[in-house]
Amino acid sequence: MDITALVDPLNPAQRDAVTAPASAMLVLAGAGSGKTRVLVHRIAWLMLVEQVSPHSILAVTFTNKAAREMRGRIEELLNFPAGNMWMGTFHGLAHRLLRRHARETGLPETFQILDSDDQYRLIRRILKTLELDEGRFPPKQIQWYINAHKDEGHRARHLAESYEPFERQLQRIYRVYEEQCDRAGLVDFGELLLRMHEFLRDNPEPLEHYRRRFRHVLVDEFQDTNAIQYAWLQLLTQGKDNLFVVGDDDQSIYGWRGARIENLHRFQHDNPNHRLVRLEQNYRSTGNILNAANALIARNEGRLGKDLWTSGGSGEPISLYAAFNEQDEAYFVADRIRQWTLEGHARSEAAILYRSNAQSRQFEEKLIALGIPYRVYGGLRFFERQEIKDALAYLRLLSNRNDDPSFERVINTPTRGIGTRTVDAIRDLAKDRESSLWQAAVELTTADVLPSRARGLLGAFLQLIDKLARQAAGKALQEQVQLIVEGSGLIDHYLKEKGEQGETRVENLKELVTAARQFDNEAPAADEEGMAPLDRFLAHAALEAGEAQGDPFEACVQLMSLHSAKGLEFELVFVVGLEDGLFPSMQSLEDPARLEEERRLCYVGITRAKRKLYLCYAESRRLYGRDSYPRPSRFLREIPAEHLEEVRMRGHVSRPVTAMPKGEPGVFAHIAAAGAGFKLGQRVTHASFGEGVILQAEGEGSQARVQVNFAKAGTKWLMLAYAKLEPA
DNA sequence: CTCGATGAGTTTTTT
DNA sequence: ACTCATCGAG
């Protein structure tokens, strides 16, 4: 490949970063400034010009998606597979390393990964055994406590015993939690990183091996690194001037889950020879959008500093819409999207961004009413679904009988008559013996403690697992999964579950078999060949929970939280719910640091828009069952008026004349018809068709039409301008 | 075990 | 207002 092709498509700043001589490098990459391009071209540059073997390059991202994208683009650019380059997420790489060195790190070869749901359940179980009240010790808070400490590199034994009784209990729970994980051979997400860090820190030989091997270390989204990730990168690169990081302090929106924006400053301090390159030319948005974003983010303190600019025009002004209430806001947005798509634009290029997921509902209702397909991001992902986790728990039990959380999940799922009494007895004995639940259960089937019926049922369960394990031995992965899904009785169990839910679950279980087949067909990564396919599949399920929603190809309007929108871009963007208390959120209003993070979130939202941005707020909003009258978001005042243009709905926006009757959809159709408004679901009378109910509405002004279901005449579309409908 | 009543909480999310 | 989880009754 020609080097000019590597360098020519880059602007001067990008070129600086890509072609820099080996040194520590901080690339401050503004939104839409081509940061992935810089990473990809940098790696290609290292390989082609510096003659670095891909074997010597380590590239780290936060999400699997980002890792996949980077790998894909490198392969596309170089036109050959980059298989032996270590490229992945922090967690994925940690996992790979721990598998390689399992024995040295004190883990069983078959260790498995706890996802946060598993972790939550385990904590609750521990609370029960410690006889602590969930009200006083909320499991969520404990989970947060444990993870926060792990992210900082602190184990329970490192914590100085607190004088404060509550804190002391937390420490105790943490200690027990660690013991339980160790005994069961389980590793949570934080543990992956922590254990990897400790291993390298305390073992000079492997550390030196990896330090020598990785001649270049590159990190994406560096502003999202936490303390332990930073420490790990330092271990690998300290004194070698070979750490190349790309990030944007202005897009740091994950402080609440441990990301340390100050790692950017620490990087500069710890790498005194570093170079700093700013990518400020933006290839995404119009001048108005960028200037609004620049002005907003300028309010934050202690920034590394950066101003986005474009060589393109300033574009349309940003539209600001003050909605009457949240319904009106939703209708406005849906209607604008409708108009926009009528102009021939792709629905998938329109996005509605909100602060909290609960806000999606209003928009969904209005989009449905206008017949616009949409897709909501977020929610349960494939490997997080209940039925999938059930099946995975069986599989984990095959691999490791001492996996207590899996044992407990599965012992009576599907129901096989093993009740709480039996399970309690198993737990008590396991506690006494300091053994796993499995071992305790085995003992109970031979002792004379349980009633004979319970003993028999328990024995049958243990035999079932052993039998499945025997049958699965030596089989191909998808056959193993198939065997478990059926042999466990899960399929039959969910077949009995009534309604659509049960059907979906059965389909998902079948899908799991397909997923296993696909997974098995893909060539194993060179470094993980020693691992049993089943263990690899289980790790894959935990580390990459899959997409939340299928059919990303259908042309849909995109609905998502501002957090989920990071890294994406759309022609048309609506940032909605810009009200103090919602965005910025209530919890952030009083705390300057959190308020700055909210401001960065707003900055992220604004910079998603390529051509047209709408900012919306509601003058009244129904929140937690009450009407609230929030002030417009302070962020709106921080955007210079010159970039904004207030919009009004043309025609008249109908307002509720009377309260909605109970049980009706809480929807007004904003039908602009000579000042008269009708609501969806409203009863109306027509001179010749008689009485009916409004089902749908579309169009406005003289074009406004409604669909009415008449009691006698059936369903009809009527032009409001002619139909002379009267409220019934 | 399944159903319905009751009560608490209600930003953001990946791995 | 609404969801989700737990708890008690059948």
Side-chain angles (χ1 to χ4, degrees), chain A residues 60-67 88-96 113-121 124 134-135 138-141 144 147 150-151 187-194 196 221 224-226 228-229 252-259 326 353-362 377-381 383-384 412-420 493 496-498 539-548 560-567 577 581-589 591 594-595 597-598 600-602 604-605 621-628 660 662 666:
Chain A
V60 196
T61 62
F62 274 85
T63 66
N64 292 297
K65 195 173 150 214
T89 64
F90 278 100
H91 293 85
L93 294 165
H95 172 249
R96 188 191 248 196
I113 300 167
L114 283 182
D115 70 15
S116 32
D117 180 59
D118 299 331
Q119 184 186 40
Y120 178 79
R121 289 156 164 273
R124 291 188 61 186
E134 283 193 12
K140 277 265 173 284
Q141 191 188 336
W144 183 86
N147 290 337
K150 288 197 178 189
D151 285 349
V187 169
D188 62 41
F189 290 130
E191 183 72 24
L192 283 169
L193 302 176
L194 178 53
M196 168 172 71
E221 304 279 18
D224 288 339
T225 51
N226 66 27
I228 204 83
Q229 288 160 339
S252 165
I253 55 174
Y254 287 113
W256 51 273
R257 63 175 202 215
E326 78 282 356
L353 310 182
Y354 34 75
R355 176 67 242 263
S356 91
N357 291 117
Q359 287 167 258
S360 75
R361 241 194 61 206
Q362 321 282 160
Y377 281 72
L380 266 197
R381 280 126 30 114
F383 286 112
E384 291 168 350
N412 202 30
T413 310
T415 48
R416 43 175 72 91
I418 302 179
T420 43
H493 174 68
K496 273 183 240 143
E497 191 171 312
K498 54 189 185 291
H540 165 80
L543 287 173
E544 193 165 354
E547 287 284 308
M560 68 188 79
S561 72
L562 287 144
H563 283 88
S564 314
K566 195 172 94 162
L582 224 209
F583 189 22
S585 78
M586 196 61 86
Q587 296 87 333
S588 313
L589 284 176
D591 179 339
R594 299 178 99 185
L595 193 64
E597 184 152 309
E598 297 279 313
R600 293 192 289 268
L601 192 55
C602 189
V604 166
R621 179 178 296 273
R622 214 157 164 76
L623 205 59
Y624 305 141
R626 342 176 50 95
D627 280 322
S628 63
M660 254 333 165
K662 276 215 161 45

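Atom set for the values below is all heavy atoms of this structure, side chains included, hydrogens, waters and symmetry mates excluded. Per chain, numbering begins at 1; letters A, B, ... match sequence-line order.
The CD-P distance, from Glu326(A) to dA1(C), rounds to 12 Å in whole Å. Atom pair Ile253(A):CD1 and dT14(B):P shows a separation of 11 Å (rounding to whole Å applied). Separating the CZ atom of Arg257(A) from the P atom of dT14(B) is a distance of 7 Å, rounded to the nearest angstrom. Between Gln362(A) atom CD and dC2(C) atom P the separation is 10 Å, expressed in whole Å. For the pair Glu221(A) CD and dT15(B) C1', the interatomic distance rounds to 14 Å; values are reported in whole Å. Rounded to whole angstrom, the span from the CG atom of Asp115(A) across to the P atom of dT15(B) amounts to 12 Å. Per the geometry, CG belonging to Leu623(A) stands 10 Å off C1' belonging to dA1(C), to the nearest Å. Remark: C1' of dT15(B) and NZ of Lys150(A) are 13 Å apart, rounded to the nearest angstrom.
Ala259(A) meets the side chain to side chain contact (heavy atoms under 4.5 Å, CB included) test with Asp224(A), Tyr254(A); sequence neighbours excluded. The salt bridge (charged side-chain N to carboxylate O under 4.0 Å, His left out) test applied to Arg622(A) returns Asp627(A), not counting sequence neighbours. Listed by chain and residue number, Arg355(A), Gln587(A), Ser588(A), Glu598(A) satisfy the side chain to side chain contact (heavy atoms under 4.5 Å, CB included) test with Ser585(A) (two or more places apart in sequence, or in another chain). Among residues two or more places apart in sequence or in another chain, the side chain to side chain contact (heavy atoms under 4.5 Å, CB included) test is passed with Glu597(A) by Trp256(A), Arg600(A).
Met196(A) CE to Phe90(A) CZ: the interatomic distance, rounded to the nearest 0.5 Å, is 8.0 Å.
Residue Phe583(A) comes nearest to Gly577(A) through the heavy atom pair CB-O, 3.6 Å, listed as atom of the first residue, atom of the second, then distance.
The nearest heavy atom of DNA chain B to Gly417(A) and to Ser561(A) marks one nucleotide each, and the one closer to the 5' end goes with Gly417(A). For the pair Gly190(A) and Thr415(A), both in contact range of DNA chain B, the more 5′-proximal nearest nucleotide belongs to Thr415(A).
Nucleotides dT6(C) and dT11(B), compared at atom C1', are 25 Å apart to the nearest Å. Across the C1' atoms, dT14(B) and dT3(C) are found 24 Å apart, a figure rounded to whole Å.
Regarding contacts with the backbone of dT14(B), every side-chain N or O of Asn226(A) stays at 4.0 angstrom or more from both OP1 and OP2. Remark: Ser116(A) is not in phosphate contact with dT14(B), judged by side-chain N or O atoms under 4.0 Å from OP1 or OP2.
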_Output one letter per nucleotide in nucleotides 3-10 of chain C: B when a protein non-hydrogen atom lies under 4.0 Å from the base, S when only the sugar-phosphate is that close, - when neither is._
---S----
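At the heavy-atom level, Phe583(A) lies nowhere under 4.0 Å from the strands shown. Contacts of Asn64(A) with the nucleic acid, taken as non-hydrogen atoms under 4.0 Å apart, involve only primed sugar atoms and P, OP1 or OP2. Contact annotation for Asn412(A): backbone-only contact, meaning every heavy-atom pair under 4.0 Å involves sugar-phosphate atoms and none involves a base. Counting non-hydrogen atoms under 4.0 angstrom, Arg622(A) reaches the backbone sugars and phosphates but no base.
Within the 3.5 Å criterion, the main-chain N or O of Leu192(A) finds no donor-acceptor partner in the side chain of His91(A). When atom types are taken as modelled, the side chain of Asn412(A) and the backbone of Ile418(A) share a donor-acceptor pair closer than 3.5 angstrom. Ser628(A) places a side-chain N or O within 3.5 Å of a backbone atom of Arg621(A) that can act as its donor or acceptor partner. Not one N or O on the side chain of Gln362(A) forms a donor-acceptor pair closer than 3.5 Å with the backbone of Gln359(A).
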Strictly under 3.5 Å: I want the nitrogen or oxygen pairs between protein and nucleotides 6-11 of chain B, one per line.
residue: dT11(B); atom: OP1; partner: Gln587(A); partner atom: NE2; Å: 3.0
residue: dT11(B); atom: OP2; partner: Tyr624(A); partner atom: OH; Å: 3.0
residue: dT11(B); atom: O2; partner: Arg355(A); partner atom: NH1; Å: 2.4
residue: dT11(B); atom: O2; partner: Arg355(A); partner atom: NH2; Å: 2.4
residue: dT11(B); atom: O4; partner: Arg594(A); partner atom: NH2; Å: 2.6

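Which of dT15(B), dC1(B), dT13(B) sits closest to the side chain of Phe189(A) comes down to dT15(B).
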